[in-house]
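Index from 1, following the sequence. The basis for the numbers below is simple: all heavy atoms, side chains too, and nothing from hydrogens, waters or symmetry mates.
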Amino acid sequence: MAIMVDLTIAGRTYQVACREGEEENLKTAARLLDAKSREALSGLGTLSEARQFLFAGLLLADQLIDKQPEAAA
């Protein structure tokens, strides 16, 4: 059964469905994305929502590559 979770990312609230038991992982992922989104915004100034998420994703990917170089393959 799907559970609806409210996530706030980049100042906007999104309602996302997940499986029972996955709520905390989803909330943790949203907090990471929110932090990187804010980091992108502070470093680059005004961005559209799409570009803010793009740069947040790139920052997260870069962080993952630094910790797990094999993830880049």
A.B. asks: Answer yes or no: is there a side-chain heavy-atom contact under 4.5 Å between F53 and L47?
C.D. replies: no
A.B. asks: If you look at every heavy atom in E20 and I3, which pair is closest and at what distance?
C.D. replies: CA-CD1, 3.4 Å
A.B. asks: With sequence neighbours excluded, tell me which residues meet salt bridge (charged side-chain N to carboxylate O under 4.0 Å, His left out) with R38.
C.D. replies: D34
A.B. asks: Once you round to the nearest 0.5 Å, how far does CD of E49 lie from CD1 of I9?
C.D. replies: 9.5 Å
A.B. asks: Working to the nearest 0.5 Å, report the span between CG of L26 and CZ of R31.
C.D. replies: 10.0 Å
A.B. asks: Do L59 and L64 share a hydrophobic cluster (ILVMFWY, side-chain heavy atoms under 4.5 Å, transitive)?
C.D. replies: no
A.B. asks: Once rounded to the nearest 0.5 Å, what's the spacing between atom NZ of K27 and atom OG1 of T8?
C.D. replies: 10.5 Å
A.B. asks: Verify, without hydrogens or angle tests, whether E39 (side chain) and S37 (backbone) share a donor-acceptor contact under 3.5 angstrom.
C.D. replies: no
A.B. asks: Under 4.5 Å between side-chain heavy atoms, counting indirect links through other Ile/Leu/Val/Met/Phe/Trp/Tyr residues: same cluster for V16 and L60 or not?
C.D. replies: yes
A.B. asks: Calculate, to the nearest 0.5 Å, the distance between atoms CD and CG belonging to Q63 and L32 respectively.
C.D. replies: 7.0 Å
A.B. asks: Which pair of non-hydrogen atoms, one from A40 and one from Q52, has the smallest distance, and what is that distance?
C.D. replies: CB-O, 4.3 Å
A.B. asks: Set out, in order, the CA-CA distance, both residues' side-chain angles and the distance that settles side chain to side chain contact (heavy atoms under 4.5 Å, CB included) for L54 and L58, then state yes or no.
C.D. replies: CA-CA 6 Å; L54 168 68; L58 290 172; 4.1 Å; yes
A.B. asks: About how many Å separate CD of E23 and CE of M4, when rounded to the nearest 0.5 Å?
C.D. replies: 12.0 Å
